[in-house]
Each structure stands twice: as C-alpha cells, then as structure tokens.
Amino acid sequence: MPLKLNASLVTPLLAVRGLGKSFSGNVVLSDLDFAVHAGEVQALVGENGAGKSTLIKVLGGVYQPDRGELLVEGEPTRLRSPRDALARGIVVIQQELSLAPHLSAEENIFLGHFPTTRFGTVARGEMRRRAAELLDSLSIEIDPSVPVGRLSIAQQQMVEIAKAISLQAKVLVLDEPTAVLDEKRVATLFALVARLKAQGLGIVFISHHLEEVFRICDRVTVLRDGRKTGEAPIGEIDQEWLVARMIGRDFPAHARQARRFGKPALELRGLSRRGEFEDVSFAVHEGEIVGLAGLVGAGRTEVARAIVGLARPSAGTIRLHGQDVRIDDPGKAARLGISYLTEDRKAQGLLPNRPVRENATISSLGRFTRLGVLNLVKERIYVREMIGKLDVRSAGMGTEIRYLSGGNQQKVLIGRALAVEPKVLIVDEPTRGVDIGAKQEIYALIEQLVARGVAIVLISSEMEEVLRLSDRIVVLRRGRVATTLSREEASEETIMRSAALAA
Amino acid sequence: QERLPITNATCDELAARYEKLPFTDILPLDAGPVAIDGEEKPLTIGFSQTGFNHPWRVSMLESLQAEACRHPNVELVVLDGNVDVAKQNNDVRDLIARGVDAVIMSPVESAALVPAARAVMNEGLPLVVLDRDVPTDKTLFIGQSNVTMAEGVAQKMADDLGGKGKIVVITGLQGSSPAVDRNKGMENVLEGHPDIEVLVTGDGQWIREPAVKLMEDWLTAYPEIDAVFSHAEESSWGAQLAIARANRCGDGIRHYTFDGSNAGFKSVKAGTFGADGNYTPFIGDIGLRAVLYTLTGKEIPDAQDYAEPGKTLVLPDSPVVTAANADEWIGRGWGDFEPTPDPCR
Amino acid sequence: MPHEATHPGYGAMLRRIGAGRLGGLIALVVLIVIASLLSDRFLTVPNLLNVLRQIAIVGILAMGMTFVILTAGIDLSIGSILGLSVVLYAGLLESWGLPVAITLGMLAGAGAGLVNGIGVAYAGIPAFIMTLGMLSFARGLAFIYTGGTPIPILDETFYNFGNGYFLGIPIPALVLIATLLASAFVLGMTPFGRSVYGIGSNEEAARMSGVPVRLYKTVVYVISGGLAALAGVVYSSQLGIGTPIAGQGYELDAIAAVVVGGTSLFGGKGSVWGTFIGTLIIGVLANTLNLNGVDPFVQQLVKGALIVVAVFGMSRANRT
Amino acid sequence: MPHEATHPGYGAMLRRIGAGRLGGLIALVVLIVIASLLSDRFLTVPNLLNVLRQIAIVGILAMGMTFVILTAGIDLSIGSILGLSVVLYAGLLESWGLPVAITLGMLAGAGAGLVNGIGVAYAGIPAFIMTLGMLSFARGLAFIYTGGTPIPILDETFYNFGNGYFLGIPIPALVLIATLLASAFVLGMTPFGRSVYGIGSNEEAARMSGVPVRLYKTVVYVISGGLAALAGVVYSSQLGIGTPIAGQGYELDAIAAVVVGGTSLFGGKGSVWGTFIGTLIIGVLANTLNLNGVDPFVQQLVKGALIVVAVFGMSRANRT
Ligand SMILES: Nc1ncnc2c1ncn2[C@@H]1O[C@H](COP(=O)(O)OP(=O)(O)OP(=O)(O)O)[C@@H](O)[C@H]1O
Ligand SMILES: Nc1ncnc2c1ncn2[C@@H]1O[C@H](COP(=O)(O)OP(=O)(O)OP(=O)(O)O)[C@@H](O)[C@H]1O
Ligand SMILES: [Mg+2]
Ligand SMILES: [Mg+2]
C-alpha cells in the first residue's frame, strides 16, 4: 500500500467531472467536479438540500448521473448498482440507516458478502468471530446475534460502520455518521477514521458539525444548490469561510433572554418502566426548557415514550398542570396538549409517500375541519406560511416528503409538532441532520415557544445544544436520574462526569 | 382444417362423433346451409355455457359444435360463465351487443338468469335454454331432471342395500344447482327407507382430490360403511382410491354415482359402481336445431306447454345405468377415455 | 418562494402527480381504441351502458377495498360478505318487506366488517388471516342460512332497481358512481380520509401523530363490509336471486381493479379514481374479448397477460 | 458485558425467538389434545399417517410460498402452475415416458416461476398482479392443452409413488419432509437464504449491501414455481389423473399455512419450520372436523373461526 501512495496522489481514487443530476426537471447537481485521494479525508459540507447525499449516491452507484463522467482510479467507469460500486471498493454509509431489521447484527455486517465454507454455506463460526472482532474494535457493546431492529439508532449506526469496515473499502463515504452518536462514540469513530486514512483509504465525510470537519478532515468541498462554491485544504480556511460559502450570510450573535417560569406544567414522580428506566422524577414549568442529557442508551427516549403513552410505565405518576393523568396513546397526549417530536425520523416520523402538506398537518387536522370537512384552502395557506417560516426547501408542498433532504424533512416534522399548539413539547434530538443555518432557526423557534409559555423537554446528545437552550439539565445514567444541574452548575464537564461515571 | 374452440376438434372429427349422438332423431335437420326466406346469409348463434370446468360441459358443447359443422353458414360464439351467475348475465348481454341471431344458454342457476333471458326475448331473439330451466319466457327448454335422476340412483342403492345400511354422501360443489337437486332426489328416496342411515356428508366439489381426503377420514371414523353416494364419478374414484389405500377393499363398500360417461358405464359393468346416473350432456345439438327451426320459421313438433312460461321439449328418459343395461349404454355416454383402473382389483 | 430558482420544478412536479393517474387513463384509452377497431359494436351506446352495468358490482367492492388497501390492509372476505348479504335480502324480503331486509342485510355486512376490523386493529391479527377466516365464516353462514339452496326474489320494485334506468343510465352504474363520489369525498376531504393515507404510509408515525389508528383501521373494514353488502343489493336486485355462492372469488377481481388502478398494496398511495379506471380497464377487457368471441380458454390466457401488460405499461407511463 | 444490568436481554431475547415458534407448537398441541378428546380415532397411527399424506400437497406449495413471502412478495399462481404441471405429466407420460414427462412438467413449473420472477424483479410489476396474471395464464394453458377434459394416468410406477409407503411412511409425506429439510437448509445456511431474509427485511439495504436483489427475487419465484410442479407430481401420482382444474384455490391454503406458521406477509420474518407447523395445524383441523362428521356448511364456519383463533392465540403466546 504505501508504495502506491505516491502514484495515487496524482490519480484520485474516485472522481467525478462535470457531474449533473436532476429529478424530473428539478436540477439537484450541476457541473460538479469532485475527487477523493488515497490517504485523505475529504469533507463535504453544505446546507440541507445542497445535494450532498445525491452526490454520494452517484458515487455509490445508487443513482446514474445525467451528465458528466465518473472515474475510478483514473478510469472512466459506469457504476450501475451499489453492487458495482462495492466491487470497485467504494463503500457508502447512507444518511438514512439501511439495515435489515430482522437480521442479526453479524448478518447485517456480512449481508452481501457472507464468508462461506467450502460447501458454499455461510461460515457461521467465522462470521461470528469476525463480527465480534469488528464490534470490539469499535467498542460496540451489543450481542451480535440480536436482530438489529431491537437496537437503538446509535447502535445501528455503529453496526453500519462495522459493516463498512468489513467490506475492505478503498473509498469510504460517510453521510452524516455522527448525527446519532454521542461524544464518546464520535471519538471512537474519529480514531477509526484516522486509522483507515493511515492505511491509505480515501474517505469522504459529510457533517453539519463544522468543528468535526476541522477535527478530522484534510480538504473540504462546499456545495450550495448543487454547485461547488469552494474547495480548499482545511489548514487554509476557517469556519467563517465555510459558512459564507455554504449560506452566504451571517448569523446574529446569540443573545439569551431571561426567562420567567410559570406553574409546573409536567411533573414526573418516580416514573419507572421495568428494564428501561427507574424512579425518574423531574418537573418542567411553563416557559421552561429542561434538558435531558445522557449517553446513548441512557433511557431518555424511553422516558419520553412513556410520557406520551407509547409505553406503559410500570410505576410512578405523571402530573399535568397539577393533575394526575393517564396517557394511553399519543392521541390522548395530543389532546392534553403534549406533543412529541421523535428521534427516529424515518421509522416514526415521516409519512414517506405522502406530500409535505399532509405530513405537516396530520397531527392538527382538527383546526382545518368544519362540520367534518377539511378546508383544503385554509390548510394550504397555513402550510405555505409554515414552510416559509421554517425555510423548508422543496419543490413544493405537493412533493412526497421522502424526496426532501434529511434536514428539510426534520423541519416539516417540527412544523407538524408546532401545528397542534402544544402546552408541553418534548423534542428528541431536534436538530439531528439539520444544517447550521436551520439549526439556528430551530433554536429560535424553540425559544419563541418558551417565551409563549410552552414547557419544553429537550433530549439531545449534543452538549452544546443542551447547554445553550436548557434552564435545567437532568442527567440520566442507565435509566436513573444521576443528577439535576442548574444552568449555573452545568457545563460540558459536569454533565459528562455524571453521565459517564462508572456505577 | 380449422380447429374449433375449447374442444379443439375439427369438423371432420366432429362429424364422426355426430353419428354416435343419442338424440339426432329429435328435430331432424338435413346437413347443408340454412336458408331463411330463401336467403343463405351467415348466422351467428351465441352459446353461453355455465362453465367449462368439467368435461361434461365440454361434451355438451361438442354436440353443439357437431351440429353447427353440418351447416356451413352457421357460426357459434361460445362464452364461459365461470360458474358465476353475474358473469353469465354479463356474457349474455355481450352476446346481444355483438348482434347474434339467437342465444342458447345453459344457466348456472335457474332463477338468476331471468334478467338475461328477458333481455334476449326483449330483443326478439330466439332463446333456447339447456339443462337447467329459467322461470321466465323462452322459446324452448330442453333438459332432464337431476331430481328424478337422483331418485333413480338412490332407489337402486336402497334396493341393493335391502333397505338397510350406513352410507356416506359426497356432494358436488356446495350450493351448485345439480348438487342441490341430486341431494334432493336422494332425500326423497331415503325418506321411505328409515333404516338407511346417512353417517356424514362432505363436499367433493365434483372432483377427485377432496373426495380422497373425506373418505380417508371417514374410513378412520366409521368402522362400518356400506355405500358411498357421490354426485360425481370423479369423486367416487377418489373414494375408491381411499378405500384401497386403507386396505378396506374387502368391506364391500358400494358406489352410487352420476355423470354418464363411457368410463363410468364401463366401471358399472366391471362392478366398481353399483349405478351411474345417466345424465347426458348431448343435448346441445338439439338446442341448435331448435334454434334453426325457429329462425327458419319451422314448427317444433313436440314442444309442449308446461308449468313454466314458454315451451319445453320432453326428452325420452335416460335410464339409470346398472350392470343390467351397461352394455347397451357403453359408447353412448360422453368422453372417450378409459376408466381409472380400480385399485381394489 | 425563496428557492424558486433552484427548483424550476413546479410544472414538472405537477406533471408527475398527474401522471400517476395518466398512466391508467392512457392504458384505458389505448384499450378502448383497440376495442373499437376490433369490433364496430364496441362503441355503441347500448354496449357502453352494458359495460357500465357489468362493472358495477366489482366496482363497488373495489371502492371498499381501496380504503382497506390504502391502510396497507387487505380484505379477502368481501365476496363472502356479499354472498351473506344477498341471501339475507332474499330470505328476509318476503316476511319483513324490502326496507327491513335491506337494512338488516347491510347491517350484517357492516357487522362482519366490524369483526374484521376489531380482529385486525385491536387483536392484532394479520388482515390476510382475519379476512381469510371471515371469507370462510361468512360463506358458511350463508350456506347454513339457506341450506345451500338459492332463494328466488320475486319483488318487482327490487327487480326494477337492479335492471332499470335512470336518466338513461343503468341504476347499478349510478350506484357505483355515487359510491365513487362519496368515497372520493371521504378520502380527500375529511380528517378520517387523510388519516387513512397516513396510516398506510407509516402506521407508527400516524400513531405518534395522534391519529386514532385502531379506530380508523376498524372503520375502514366496516366500510369495506358495508360496501360489499351494497354490492350485494345490486347483485340480488339485478339477478333476482339470493344464492349462497354469490360473489365467490370476487375479492381477487376487486383487488386486481384496485392495483391496476395504481393503488399500492403497501398502502398510503392511490385513489378511488384510479380504482374506477382500473375497474373500467378490466371491464372493457372482458367485454371486448366477449364481443370478439374469443375462445374462453384463450380468454383466460389473454386476460392474465393483458392485466400484467396494462400494469407494466402504466408504471412505464408514470415514470416518464 | 457491561450493560447486562440494564439489559437483562440475552436470555429473554433467546426465549422470545424460541417463542416465535413456541406459539405455533402450543396451538398445534392444544389442537391435537382437543382432537384426541373428540375422537378416539384421531391418535392412531393410520390416521396420523393419513394426515401427513393429506397435507403433503399444500405443504410443499407452502414451502415455496414461504420463500416468496420472506422477500415480502406473494405468489398467487402456484395453484395454476400445479394444474399446468399435472396435465403435462398426464399428457406426456404415454408418448414420452415417465422421466421425460416429469422433467418437462417440472421445467414448465419452474419456467412459469421464472416469468413471474422476471416480471416482479426486473419489470417491477407488483407481485400480486404479476402472479394473478400468471394464475389466469397458466390455468388457461392447462385448459387449452387438455381441451377441458381430464387425462387419466395409467402408469403403475407413478401410482405406486403417490400411494406407496417407504419405511412405513407415505411417500408424499416423505417428499414434503425432504422439501422442508432442503428449504430449511437453503434458507438457514446459504448466503442466498440469508439474503432472502435481508431482501424481505429491507430491500433497499440489501441492494446497498451488494446483494443481487433482482436475481435472488427471481430465483425465489422459480423455487415457488418448481415446488408447485413438485406438488403436482404428488397430486397426479396420488390421484392417477391430470385434470386442468387441479389446484384451484390452493394458493390461499398455502398462504394461510405460511401465515399461521408465523411468517410475516411483510417479509423478513419467519421460517419453513413455522410453515410446517402451520400446515399441520390446518391439516389436523380439517381431519378432526371430518372425523367428527361435521356438516360441510358448519365446517366452513368453524374452519374460518379456528384459523383466526389459532393465529390470535399464537401471537398471544409469543408475546409472553
Ligand atoms: N429521488 C429524488 N427525487 C426528487 N428530488 C430529490 C430526490 N432526491 C433528492 N431530491 C432533492 O434533491 C435535493 C438535494 O437533496 P440531498 O438529499 O442530496 O441534500 P443533502 O445535501 O444531502 O441535504 P441534507 O443535509 O439535508 O441531508 C433536495 O432538494 C431534494 O429534495
Ligand atoms: N450499549 C448498549 N447495549 C445494549 N443495548 C443498548 C445500548 N444502548 C442502548 N441500548 C438499547 O436502547 C434502549 C435505551 O435507548 P434510548 O433510545 O432510550 O436511549 P437514549 O438515551 O434516548 O439514547 P439515544 O441517544 O439513542 O436516543 C435500551 O433499552 C436498550 O435496549
Ligand atoms: Mg443528505
Ligand atoms: Mg434517544
């Protein structure tokens, strides 16, 4: 490998020239040049909908380019399918997780390239051993024989990464791999990326976290509306340079307003669910944001699900505005004024083949209904306004939401949660996969809601986000409240310490 | 030479079979083009059959095609009702839309084809109904009775059993009109024989496979069975297979069945079946001749008034085929295939 | 819209949405052109009215099936429910009179649908199995009620309903069209209808959004059962008989109409308009084959092949 | 494992997986106990062998169907393919001899499956429609080939195959068991088999992983068609006749067996062992009803209700 290094510095492992791609007349990429070299981590950044995922889908053989050529080690190539791409050593981890939920982790890792015995059967022993090694090297603590559908999103993401490594790639493309990982796992992943880079792989890394780009990348390419607006070695630029090319505008400096809390809106008392969390108590007041921090798997999502009636607590009570309530399903929760923005966009959020408009209003149809009939005009006006306010970018509200970029999908779902005008809003990883511009917009939105007296529970693995928004921070560790920190006490360090402390 | 639909036979082949048809002497008609008012224009006759899921139904068409072959200016349009009254209703209306000169119909279900029959009559077209009647106006109905036929078969069974015994019944497809009628005929006879006990009834769907399972299970459940009363030869064969497999050939279980195929008659002769209801499908040719009589303005000699609207043509009774008359009937039934070898022999 | 420039898309997008149905329409038009070339009887008023009358029963069934399939469910029991309702109409007519007979029969159909719905939505039994069970169960009831013998219906009013015309159009066709319009309204203009699409698109997400998923899924089977009983009204009034074997196998015809009409069996996508077109395609196909006197055995073959070709052609048309 | 405490999971996990089949087994055992109480003839060797022979045809069909359903597909054409193969065996036997007849019939079955597979996997036609078309098409072919008349089979060897015993077990039952073992091996032990689960679980993910999705999907339909033809061998050798209506409606029985056996119609989940149990449940049910001489009308009713109850009970058992 090292011998070839020099030569491959000249010839990129993978490149596109003059690439163009559109979907039924909708131009997504135009005249794009992009290259990945051996032993290099190439960052790809841009706003939601800039075309990053589309580009890497072309690289991975999922889409065929309309225009331009694709070169693998200097040789013009057509990749007709992901199978073709894999055969050429190009491995892509998609933004949307793509695992087979019914298969075990080890089978998912080796799906498409099972180790076989000499009789052509799957070599189970070898598969298990190699899977265990891989998972171990990534410090993923899961039972490799468990169906991945039972794993948390973060764990699934790690399985995907293990899978990619098992493929012995020459080029590894990671589309927002860190979006669902906590700090600890991000560090693990970055160590791995460094190792692979040293082995001579070419790596493409997509992230909305610009600090991550500066942490591990060698070069960066900026996309905007499907065109390249900048390319530079990482050492020659700074964050402002990036933001300017991505968005072309600046953000106002963040100034936090003082908040005034009202009466307790939502109180949990000794809430437990066997095997998931235990004795969780905290209160959220009107006009307050309570952050729920913790490592992946700490049980934050489970608590939220119990609150909105998706899982039945085995003990404890939920009080709403001073009254004990029993919530059996999210419909009841919604009627009581509790809205939940789920962390698993694809599985629990999107109505994938329905238009943006319907996705936005499915929770709040009542407000457009008179005498049992929907007022479609009113709905349209409302959605248009919402799309404008949240800056959702899509061809129109009639587009099926699955065709939107991940970040824009998230904005629509936020719009859905807001449309019911909740009194209590639980947001689970609200800015996962959202670009920095949109992130600011979402923060502003959350702050507006709080100012209007909404009580908010914020679940987030992003330390910065929790710190910035929360008035109080409840840290969960293995299903129990480890500590509750006031705004003054909270810092990245105090949170991490109580979240990760050995039991 | 052109092969005709369904039967896949040529007119030459059918001409040979015409010779053997039992009722060519009823409404006799010379071969050759049919002239209406002295004009030999092409005639299209629609035939709406219940369904072609049974060879009996194919044989009915065969007799019809054989007659049609004798008249070069007569063309048949054949439709398959798929044993669905609604489909057959639609078929008949499609025939009218196509502009046929007359309709021959063998209904899935008597009462349900009334609207279709009225539609034909409203167009002023001749309508000949075969096998199962429709209780509304028509040009002519030609058919035998499944009820009386079943009475004959059941009577033979009662006689053979000496008025005493245990029987099992395998019906034709549940709810289909011949199954209903054959059951009724059997019940009529058994009313007079209180010592004949019906152990159990099952749905044989006219075919072999379900009958095998039924009989297998019944042989397990009932140590003593004297006879199998089955609505179809195929189902009887299924029962016989099950008997052989259960090593119960020695029990002397008798079979009483229906269909009237040559293979069935041979099996009666061989003693496998005690009786075969001789329900002939060869009435299609009479139907077509009746239509041609009507179109040419010829009187149908033996047409009589009867309980239903319209007229009927009374056919000579086909006797139940038993060992006594089997020889006389072999060759006059339908189908030219050999009987299944009796596994008990 | 700030991003107009990047997304010249509206027109394109619209075209794509239109095309979802365009494919079906094109297939229908092509079929009609071929049919008229093959037989000059095809494009006559009586024949077209025939076709409309002929598709009414399966069309009404297919409307109900569309609701169910939109939720990613399936209802195999509609043929049997039709059969059950039909024998009830026939059996109750004489002693109780037309209105009572119809009411009770329709209630039985909706009731069977309710059982289906509760089984699927509350007991969590897969729709395929639940409605397969009902297929057997309802048919058994129909047989037991009649003792296996068809019951003739001798009511003139009823007969005229099934065989009459209103404004020159066969009444069964009008029933179908009324069903179509009502279904389109419910699916397009009510929160319930909207939620039906949502449930089919992603049941979990719909639940999270506060849609009363189980209730609505139940309602969908009640609609399907009720419409099967309505199809039974058309059936028995048209044919003047209540036979326990009525409607056998119609579930497959109805599903075929729905899918040919572009509704996805995986739920969340499709419309009753599409189903109407699908029903027409299948109806015109059967009519043409009959008009041209195609050998019945060959008809089966051709019909099988043509449905596949139609769906294939449609998906092509919708792609471009 | 550090997370043992919060995740008591492994044991529970294993038990849960086991239970996926346990539910079916419990249902079967309950059924068997009831059957033996209702009739003392039930638990006799000849009767149990009978049951095994009786389930062979649908069981073999259901094995093929399991492959298809595991990929989230469906094959409605197997009954017709069985019918087509059966008339080919009967028709070719006399002039070409047994081996050639069987080979050609099996090839026809696999060929029909191949057409299904290409239609579904390459042309993107929904499996329901593609195989519904084939249902009609293959049945049409069988009718045309025979002219609607059954062809008797007069071959002793063939007859003995279908009706004989080997080591005291009916040969059809042995064929079923061999099919079961081979299917279980392929699904459980080969890359193809595991990929079948992967495709059904998440087709997109399988494609991304480099699984030749279209090829494998095609193969699955070829297997289903081929096994339908194998079931045809059992059918015609047992009955000594090649009738074009053979196998009508068997597709629904096969699907029922698969689903009762715990395989999900949405793909990715299930096993041929489950299907075998499902087939047994349905077979024992029919046998018991017959042994007790239940009226055929009532049988239908009871059968419908019991399948639903069995599936419901199983899902309960699997939950705890
Ligand atoms: N299959 C498709 N059909 C139609 N439009 C599509 C399709 N895939 C993507 N698009 C559109 O292309 C644009 C680029 O999407 P893409 O997913 O590449 O963005 P992205 O840069 O990855 O965004 P994000 O950061 O939010 O993931 C978006 O406007 C999206 O709506
Ligand atoms: N490391 C792990 N090993 C095994 N199981 C885990 C692990 N991490 C999470 N889980 C599973 O995830 C569940 C808790 O995850 P949950 O989603 O509630 O946590 P969270 O704090 O919300 O994390 P996330 O950041 O992923 O949302 C547990 O019940 C467990 O099944
Ligand atoms: Mg993206
Ligand atoms: Mg979480």
Side-chain angles (χ1 to χ4, degrees), chain B residues 3 5-9 51-59 61-62 80 168-171 174-175 198-223 234 237-238 241-242 244-247 261 263 334-341 343, chain D residues 38-42 44 46-51 53-55 57 86 90 139-140 143-156 159-160 162-165 170 235-236 238-241 243-250 283 286-297 299-300:
Chain B
R3 295 201 166 266
I6 305 278
T7 54
N8 203 27
F52 288 104
N53 58 347
H54 196 286
W56 192 90
R57 297 265 157 208
V58 178
S59 298
L61 173 65
E62 200 178 281
D80 178 352
V168 296
V169 179
I170 302 175
T171 69
Q174 280 185 49
V198 177
L199 291 172
V200 61
T201 303
D203 183 358
Q205 302 167 29
W206 306 118
I207 54 179
R208 214 173 267 207
E209 206 256 351
V212 176
K213 285 183 189 167
L214 287 171
M215 196 63 195
E216 254 171 14
D217 291 343
W218 292 342
L219 286 166
T220 307
Y222 305 102
E234 274 297 303
W237 279 118
L241 284 174
R245 237 161 27 196
N247 287 324
S261 75
W334 57 268
D336 53 5
F337 49 90
E338 283 303 301
T340 301
Chain D
L38 287 178
S39 162
D40 53 358
R41 303 279 174 157
F42 177 77
T44 60
N47 187 55
L48 294 180
L49 291 182
N50 264 350
V51 171
R53 192 193 357 246
Q54 290 172 357
I55 65 169
I57 293 169
V86 155
R139 186 67 68 193
F143 269 109
I144 292 173
Y145 181 75
T146 58
T149 321
I151 308 170
I153 300 175
L154 306 168
D155 187 288
E156 274 295 312
Y159 178 85
N160 289 337
N163 293 279
Y165 294 79
Y235 187 102
S236 51
Q238 234 181 71
L239 302 176
I241 197 157
T243 159
I245 56 170
Q248 236 159 16
Y250 284 18
N287 175 257
T288 305
L289 292 173
N290 281 343
L291 285 187
N292 292 284
V294 176
D295 174 76
F297 295 165
Q299 277 206 19
Q300 255 192 334

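Proteins come first, then strands; the chains are lettered A, B, ... in the order of their sequence lines, and each starts at number 1.
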Closest contact, heavy atoms only, B:Gly202 versus D:Pro296 = CA-CG, 4.1 Å
ask   = Taking all non-hydrogen atoms of both residues, which atom of B:Val58 and which atom of D:Gly147 are closest, and how far apart?
value =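 Shortest heavy-atom contact: CG1-O, 3.6 Å.
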Would you say that [X] contacts [Y] through its side chain, given a criterion of any heavy-atom pair below 4.5 Å between the two side chains?
| X | Y | answer |
| --- | --- | --- |
| D:Arg53 | B:Glu216 | yes |
| D:Gln238 | B:Arg245 | yes |
| D:Gln248 | B:Ile207 | no |
| D:Tyr159 | B:Thr340 | no |

message = Does any backbone or side-chain atom of B:Gln205 lie under 4.5 Å from a heavy atom of chain D? Answer side chain, backbone, both or neither.
response =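 Answer is neither: B:Gln205 stays 4.5 Å or more from chain D.
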request  = Using a cut-off of under 4.5 Å on heavy-atom pairs, state which of D:Asp295, D:Val294, D:Asn163 scores highest against chain B.
outcome  =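 Heavy-atom pair counts peak at D:Asn163.
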query = Taking every heavy-atom pair that is under 4.5 Å apart, which of D:Ile57, D:Asn287, D:Asn47 has the most such pairs with chain B?
reply = D:Asn287
Under 4.5 Å from any heavy atom of chain B - which part of [X]:
| X | answer |
| --- | --- |
| D:Pro46 | neither |
| D:Ile151 | neither |
| D:Ile245 | side chain |
| D:Ala246 | neither |
| D:Tyr235 | side chain |
| D:Leu154 | side chain |
| D:Val51 | neither |

When rounded to the nearest 0.5 angstrom, what distance separates [atom1] in [X] from [atom2] in [Y]?
| X | Y | atom1 | atom2 | value |
| --- | --- | --- | --- | --- |
| D:Thr243 | B:Trp206 | OG1 | CH2 | 14.5 Å |
| B:Trp334 | D:Thr149 | CH2 | OG1 | 8.0 Å |
| B:Tyr222 | D:Arg41 | OH | CZ | 10.5 Å |
| D:Asn50 | B:Asp217 | CG | CG | 6.5 Å |
| D:Leu239 | B:Arg208 | CG | CZ | 6.5 Å |
| B:Asn8 | D:Phe143 | CG | CZ | 14.0 Å |

Most chain D-contacting option - heavy-atom pairs closer than 4.5 Å, from B:Leu199, B:Val200, B:Thr220 = B:Thr220
query = Can you list the steps and then say if B:Asp203 with D:Gln299 is a side chain to side chain donor-acceptor pair (under 3.5 Å)?
reply = CA-CA 10 Å; B:Asp203 183 358; D:Gln299 277 206 19; over 6 Å; no
task = Evaluate whether atom CG of B:Asp336 has more than 12 neighbouring non-hydrogen atoms of other residues, nucleotides or ligands under 6.0 angstrom away.
result =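 Not more than 12 within 6.0 Å, no.
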